[in-house]
Structures are given as C-alpha cells and as structure tokens.
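Everything below concerns the one structure shown next.
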Amino acid sequence: MTESIERGELPTHYTPADVEGRLYERWISSGLFAADPTRHPARPHFSIVIPPPNVTGSLHMGHALDHSIQDALTRRRRMQGAETLWLPGMDHAGIATQNVVERELAKEGLSRHDLGREAFVERVWQWKGESGGRILGQMKRLGDGVDWSREAFTMDDQRARAVRTIFKRLYDDGLIHRAERIINWCPRCLTALSDIEVEHADLEGELISIRYGAGVDSIVVVTTRAETMLGDTAVAVHPDDDRYRHLVGRQIELPLTGRRIPVVADEHVDPSFGTGAVKVTPAHDPIDFEIGQRHGLPSLTVMDERGVISVHGPFEGLDRFEARPAVVAALREQGRVVKEVRPHEHAVGHCQRCATVVEPRVSLQWFVRVAPLAKAAGDAVRDGRVRIHPPQMAARYFAWVDNMHDWCISRQLWWGHRIPVWYGPSGETVCIGPDETPPEGWTQDTDVLDTWFSSALWPFSTLGWPDDTPDLRRFYPTSVLVTGYDILFFWVARMMMFGLYAMDGTEPFKVIALHGMVRDQHGKKMSKSFGNVVDPLDWIDRSGADATRFTLLRGASPGGDVPVAEEWAQGSRNFCNKLWNATRFALMNGAHVRGDLPAKLGTADAWILSRLQQVIAEVDAHFEDFDFAKACEVLYHFAWDEFCDWYVELAKVPLAGPEADDTRRVLGEVLDKLLRLLHPLTPYVTEELWTALTGAESLVAADWPVRRGSLTDRAAEAEITSLQRLVTEVRRFRADQGLKPGQRVPAVLEFGGSPLADHEEAIRTLLRLTAPAGGFTATASLPVEGVAVRLDTAGVIDVEAERKRLEKDLAAARKEVDQSTRKLNNQDFMAKAPEAVVTKTRSRLEQAEADIARLERQLAALPA
RNA sequence: GGGCGCAUAGCUCAGUGGUAGAGCUCUCGGCUUACAACCGAGCGGUCACAGGUUCGAACCCUGUUGCGCCCACCA
C-alpha cells in the first residue's frame, strides 16, 4: 500500500470489501487468535466462551452486537499482553432444531415417526452438517477473533461426556429425580416444557359462571376453561367463607357427568374473586393439582397429549378449543349457566417455540432439585465473587434464583442428549456414567434432556471438563460472560448453578456483562411482523464490518438497548473513511514512527499529544465499565474533531517548513496510538492502515497504548483552545458577512503580548487571510483572545447584520455577568459552595466581562 | 397481581447538585490538492407535570400522568 501512495495511486475511499476477506485469512493463517494455555504462564489469562448460537440460527443484529463486544474485549486484552481465548461454538437447540427438520420432512410428506427415531436423529445430524452452522461463516464476515481450533458443539462427544458425568453426579447426590407432577406441556411439540420455555400473553377470554349441584346443595363456580369441568374432582372454597361453610365436606353433583364431588376448604381460594368458589381439576391445572394433593383428591385426565378430549361421552374427540363452546352449550341447555359469559383478560401460557397454548398435564418427568444449587448461585453474586454488570440487573437475578421451582429437564423429543438412565426388566433403575455400560437387556429412558442442560455446562465443558485439561486449568473461571439480559434466567443462572456444582464451588465467570437488545431507529423491537428486521450482513456488504460493529458499539451503553439505523451505519462508514484519509494524508507527507518523539515539541504537537494521553485514560476507563458507547464517542471525537479538523490542518504549515520531520514523527505517533485504540472496535480498517503506517506485521499482536503522564501539557492545551476560539470567531464573522470560504481577505493581526503570535502563519492559513498590500483599509476589527484581527473586507460588510449579532452576544454576556455577580454576592453561596465552584464562577465572570469589553469595542469599531 | 426502569433538541440517546450535550436531521456558504462518504458557520430544549429539600435541582425526596420491560398458579 505504501508504494501505491508514493505513486499517488491510493484510492480516496476506503473499500471494506477489498481488505476484509484478505485480512481475516491472514489473521487465521498466522494463528493470532489461537490460545496456548502453556505459553507465558506468568501472564494473566483472559477467556470468554461465546454464548453458543443455535445451530438453526443465522447472524442477526443481536449476535453482531454480542460478538462485537466480546471481540472488542478480547482484542484489547490480547494487546495488553494477556493470554487470551475466545472460544466459539454452537448449541444443538433441541426443540428448535427438531422443529426445523420436522418441517423439512413435512415437505416430503413425512413425519419423524415415518423414519423412526434412529433415522430421524441421523437426518438431523445430516442437516446439521449441511445447513446448520451457517452462522459460523457469518462470524468470519464480522471479523470475530475466535480460536477456531477449539470450536465446540453442545452435542459433540466431549460435551456428551460432560453431560453424562454431571447427570450421574447429580443423580447420585439425589439432586435429580423422576416424579409424576403437573408440568407445562406443548400439545403441538408433544413434549414437556420448563417454566421459562412458557411465555405468557394476555388474552381476552370468557369468564363463565356455572351452577354445580342442586337446590340448597348448589354452588356457583367461575371458570375460563369450561371444558376442564369434565375432569373436576372437587369444588374448593375458602375455609373462612361463611357463605359456603355449610357445604364443606358435602358431595354435590357435577353437571353433565352425574359424578358426585366433594366441596373442600382450601386457604388458596380467594373469596373475593368471582363467587369465591373454584372448580378443582387436578389433572389440568397446576393450582388445582396442589389443592388435589392437599386434600387427597383423585386426578382425572380428560385430554390426551394433543389436547383432545379423551373421556367417553358426547365430547370425546373434540379439540380443547372446540370442546369449550360445546360444553358451555350443553350446560346452558341444562340451565346450568347462571350468568352470561363475560369477557375476561388473563395471562395464557404459550410454547416459546411454536406459540401453541400450553396445556398443563400430569406426567412422569425428570427434575433437578434446584434449591441447593440456586442457593449457591445466589450466594456467589451476593458474596461479590461474581459481579453482575450493570449492577441493577442483579435484582432480577436474585428474584429468580431465590424463587426457583424445580427444573423439569426431560423432553419427549428425539434430538438431544438422551437421559442416561436405564430400566431393568423388573422396573429397576440405574444411572449410567460416561465410561460405564448398562446391563445387558436393559432399556434406556426414551426422553432427552432440556437443551439448556448442556448449555449450562458450557463454560467448563468447552475447556475439556470432566477431564483435567491445561485449558481448564488456565482458562477457568472465564473472565467475563457477555450476553443479552434476555437470557439471564435461561442460561446465565443455570451456568452459575452447574459451574459452582461441578467445579467445586468455583464460579464459571468473574463478571456477567449484560447488554441490551438491538432495536430499530425508533427504539422498537425488531420483529418480522413489524418488518423492521435488519440483516447485519447487508450492512457489512454495503458499509463494511467495521462500520457495522462501530454503529452497534456506539449505541451500547451499559445494559441499555441499542437502537440502530442504516443511516448511522453509513455515518460509521464515513468515520472509517475519515481514518483512511487522515492516514493517507499522513503517509503522503512522510509520517513515520521511527525513533523517539522530538525533544522539543511545538505547541500544536504538545497539545495533540497531551490530548491523546487523556483519551487513552478515558478509553481505558470506559472499557473497564463496559461502556462501549463512551469509548466510541471519545475516540470518534478525538479522531475527527481534534486530530483531523485541527491538528492535521495546523500541521500543514510546519510540514512545508524546516521543522517538518518533527511534525511527521508526531503525526505518525498520534495515528499509531489512535489506530491501536480503535482496533478492538474497528479491527479491519485499523489493521490495514496501521500496517501501512508502521510496516509491522499485524496490529492484532501490537501493544495497547499506555498513558504517558509526562506528555500532559495544560499550557499547550490552553493555548490551542485559545487559538480555536479565535479562529472560530473570525470564521463566524466571515460566514455571517457572506465572505466565501475560498475568498482571501487582506488582514493585519496585532498580537499584543499573546502567545498566539507564534501561530500567525497557521491562523492566516486557516482563515485565508493574506498580507495586506498597499491601500489596506481595515473595515472590521475583531478583538478576540487578546488578538486584534483587522480585516479589509473591501467595504462589503453588512454592518446591520454584524451589529445585531454583536448585540445578541453582548446581551448574553451581560446576563452572565448578572448571574455570576449575584452568586458571588450571595453570602450563602460563598459560605456553602465548594471552593472549585466559586473559582469557576469568578473566572466565568471575568470571561464575561472581557467579552463585554471586546464586544463593545467591536460595536464601536463598526462603521456608522 | 408483584418487581424494575424510562420520560432531556425534529429523531435516537448521553448527562446522579454548580453556565443544558452528542450523533443524525435541518438552514446557509463552499469541490480550500487527505477526505463532497468532505469542509466551515448556524438554527433548535421553561430537561413530562405538580409540590418539596437546597445558596443552587435535568440530577435528591413526594405525588400525578404516560410509556416500556421482567416475573406471576385469581380460577
């Protein structure tokens, strides 16, 4: 690239597609992302395991954000000298994947039962090999610096061993058991679901009142699910409810069935809701199940696994939603409906994967007894061994781990880790570890494990557990877990439980860094139905991977949601282009990084280097806070507004003079450090530019900048700030007066004692001021920053416009003087305000007074 | 039903006691040999509302209104 610049052939625009593929190849082939647990044993380690994307997934904006953050953290730590590992992998995603493959089969007119279990699972593996894992290729487009040699899959052999091992251990410890309970059941997926796989949505239902029994022995119950009355085995009332006290213990007739059921008293009933009497259907409602347990009521299942009425009679064969109106109609015929149905909004559970209304169902399932595990998971955060960031998210975490129900882990699916329990011919049960063989002739449980069971092992199964591997010793616990707050419960809390359990109380990660959800430019959730979903690959194609990442990171305030719009990605692309051109300018002017910085720095050089030190400190602080938005902002502002707009412009003068080499060195220095600081955020463009600037191999392995306090120079900063004010004021004058930017104006600059005298040439260049020729007549005089700028505008100035302008400024300055004076005369203020505030107020007053003097002089100098 | 959070410029958001900020948008003027994917200048906000604390409040307290999210076994 350098040679082409020398030949003047460097394109004026950065084209991401020309560099991204090439650089990624180079990074991978040179092994820069490969971790080595034995290398540099004295150095700290930094490890992140990727939240494994579903094998069915493809890269969406949420991944792009998640990965951008992890890559930024890892790249920075690597530059800081840590032994880093960012470990990639995928999740087999039980139900989701099975559904995908079943849909494929359906196109061929087949169901999984036509294939049989073995052939179906084989088919899923085949699918996984062909179209699963598309996302891995997409991660390369994004530039993810992961260690591909350690890629893991939640269903591969090593992870299967981990699953078997921990299952056996939990089983032997009595923390896994099998029980007949009421669980969430999806009548479409035909499997049990855990509590968190059920999503509640408010639906408009109908609340209906039905009279049970007859005469004095009658009682009115209210329900939204009339069809379940076929399975009622009691009516419950509150024990203190005087209205029904006489009925408790008596039997009443259940309509339509002729069965007689008892009235029981149960604390759980709310006397103020409806009639205060509840029908009890233990087989089809979780609360009723518990009431049934307390009162020894029979459980009568009236629906099959597909939600179809299965009891003999007129409703047999009807789907639950068909049965409901049918039952109501039949009741109405008998005069049992005492009140017309009325609308009632209530929360209804839906299957997370297919949105089918969940049907509570009594069945035999496997459960993890979570109480001791959840306690440990809560304590690790309470003790401060694991830090949740941002901290307010900890409240949600505690609310969940402290109130967790037992976890139903069995699924009636075929795709997943099969439960490692075998049953003997006479009903014996044995749990078989990974290196054991089941007794001859015994049969394995047909259920598979909840997909989150294997995900929960991820931070250590990926490092080789249950084996004692160098990876596990070096990289566990991992440094930080980066993920969206939406899976705090699904995944994070479970990794905590299993990590602490399997690794003898050692937490799986030191920090949980939660980010928000990517949203559209109006803050709305991206969803297919809104039509506002953005594909990050489109952005990468059009604006580049760096622009895509920078846009996401720029919006990533800690824990906050991230709104994005393609317009903003173009802004980020422009920023990359700005860096490109700044470097192009520097290289064309001989910028370099050879040797020490000049011993004696010019003011502009001292200023930009001083600012750079401050930027390094700020970027470090923001990284430590996971505040990528601020890190981006600081760098964006420094690079564009300070370095490009001021330093580069100021540098043009000395570059043409005898001190040019000092300036070349400083230009090189600032760019060098700036590109390093930006590399974790925008890896491609910085790599391309930095290698061109320095001639070094790769920025990936370069050192992270360290702040040099000796380069801080407050005086230089003050001087340049003063220069900026002067230039801005004169530019304002020029713009207001309609002087074309390119128009050269003769001017005399009177510096008095101002140090800005050193910058006369620069000021003249920036303001397009020429030396006055003969016949110079100053038609405007601007006293700014102690410098009098006398301009010959050849009589074109608009006196009225300028007068209005100056008077406006004057009014503002006088208001400031009023306010500051009032404050300084206020005894309470003087007594109670901190010294720094008083000082600041004084200097503000002085500044305003100086402005008034200046403005008055300017006004006086205006031609009449 | 419980919990958490948010209301600041046209839009999206920073700003946790001391002169209201950024990006984008908008207006005006410019192809000034790094960059028009650019440069320069500018317009734009009684910081949701009502009280309170304080010398001083966008910021702390109370209430009101309007949103958002999470959890949830009132049928």
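Predicted model only: the values in this text are computed from it and were never measured. Atoms considered below: every heavy atom in the structure, side chains included; atoms not considered: hydrogens, waters and symmetry mates. Here is how names work: the chains are called A, B, and so on, in the same order as the sequence lines, proteins then strands, and each is numbered from 1.
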Worksheet item: Do any pairs count as a salt bridge (charged side-chain N to carboxylate O under 4.0 Å, His left out) and have a residue in residues 833-852 of chain A, sequence neighbours left out, and if so which ones?
Response: A:D851-A:R854
Worksheet item: Who pairs with A:K652 by side-chain hydrogen bond (donor to acceptor under 3.5 Å, both in side chains), at least two apart in sequence or on another chain?
Response: A:E649
Please list, pair by pair, any protein nitrogen or oxygen found under 3.5 Å from a nitrogen or oxygen in nucleotides 66-72 of chain B.
| unit_1 | atom_1 | unit_2 | atom_2 | d |
| --- | --- | --- | --- | --- |
| B:C69 | O2' | A:R396 | NH2 | 3.4 |

Practice prompt. Applying side-chain hydrogen bond (donor to acceptor under 3.5 Å, both in side chains), name anything that partners A:Y212, two or more places apart in sequence or on another chain.
Written response: A:D232
Discussion item. Give me the distance, rounded to whole Å, that separates B:G3 from B:C43 when you measure between the C1' atoms they each carry.
Written reply: 44 Å
Item to complete: Could you work out the separation of B:G45 and B:G40 based on their C1' atoms and round it to a whole Å?
Response: 25 Å
Fill in: Closest to side chain of A:R768, choosing from B:A34, B:U32, B:A14
B:U32
Pairs: protein N or O with nucleotides 36-39 of chain B N or O, under 3.5 Å:
| unit_1 | atom_1 | unit_2 | atom_2 | d |
| --- | --- | --- | --- | --- |
| B:A37 | O4' | A:N574 | OD1 | 3.2 |
| B:A37 | O2' | A:N577 | ND2 | 3.0 |
| B:A37 | N3 | A:R573 | NE | 3.3 |
| B:C38 | OP1 | A:N574 | ND2 | 3.1 |
| B:C38 | O3' | A:K578 | NZ | 3.1 |
| B:C39 | OP1 | A:K578 | NZ | 2.9 |
| B:C39 | OP1 | A:W640 | NE1 | 2.4 |
| B:C39 | OP1 | A:D645 | OD1 | 3.4 |

Worksheet item: With sequence neighbours left out, what residues match A:V278 under side-chain contact (heavy atoms from CB on, under 4.5 Å)?
Response: A:V269
Fill in: Donor/acceptor link under 3.5 angstrom from A:E649 side chain onto base of B:A34
yes
Worksheet item: Does A:W400 have any ring-ring contact (aromatic ring centres under 6.0 Å, His included) partners at least two apart in sequence or in another chain, and if so, which?
Response: A:F489
Worksheet item: Quick one: what's the B/S/- string for nucleotides 16-22 of chain B, heavy-atom cutoff under 4.0 Å, read 5' to 3'?
Response: --BB---
Practice prompt. Measure from the side chain of A:H344, starting at C-beta and using heavy atoms only, and say which of B:C55, B:A75, B:G30 lies closest.
Written response: B:A75
Worksheet item: Which nucleotide sits closest to the side chain of A:D828: B:A75, B:C73, B:C55?
Response: B:C55
Worksheet item: Can you find a side chain N or O atom of A:R744 that sits less than 4.0 Å from OP1 or OP2 on B:U32?
Response: no
Worksheet entry | Between B:A22 and B:A9 - P atom distance, rounded Å | 14 Å
Discussion item. Between B:C74 and B:G18, how many Å separate the two P atoms, rounded to a whole number?
Written reply: 46 Å
Discussion item. Please report the distance separating the C1' of B:C38 from the corresponding atom of B:C70, rounded so that it comes out in whole Å.
Written reply: 46 Å
Discussion item. Taking the six-membered ring of A:F289 as reference, does the cationic atom of A:R181 (NZ for Lys, CZ for Arg) lie under 6.0 Å from its centre and within 45° of its axis?
Written reply: no
Discussion item. How would you summarise protein contacts on nucleotides 6-12 of chain B per nucleotide, using B for base, S for sugar-phosphate only and - for none, with heavy-atom distances below 4.0 Å?
Written reply: -----SS
Practice prompt. Could you check whether A:H637 gets within reach of a base, just the sugar-phosphate, or nothing at all, counting any heavy atom under 4.0 Å?
Written response: nothing
Worksheet item: Taking atom C1' in both B:G44 and B:G56, what distance in whole Å separates the two?
Response: 27 Å
In a table with atom names and distances, give each donor-acceptor pair under 3.5 Å that connects a side chain of residues 564-571 of chain A to protein atoms at least two apart or in another chain.
| unit_1 | atom_1 | unit_2 | atom_2 | d |
| --- | --- | --- | --- | --- |
| A:E566 | OE1 | A:R542 | NH2 | 2.9 |
| A:E566 | OE2 | A:R542 | NE | 2.8 |

Fill in: Contacts of A:H346 that satisfy ring-ring contact (aromatic ring centres under 6.0 Å, His included) - sequence neighbours left out
A:H344
Worksheet item: Can you name the ring-ring contact (aromatic ring centres under 6.0 Å, His included) partners of A:F638, sequence neighbours left out?
Response: none
Discussion item. I'd like to know if A:E227 and A:R320 make a salt bridge, using a cut-off of under 4.0 Å between side-chain N and carboxylate O.
Written reply: no
Fill in: From B:A14, B:A75, B:A41, nucleotide with atom closest to A:S557 side chain
B:A14
Item to complete: Could you measure between the two P atoms, the one in B:G5 and the one in B:U12, and give it in whole Å?
Response: 22 Å
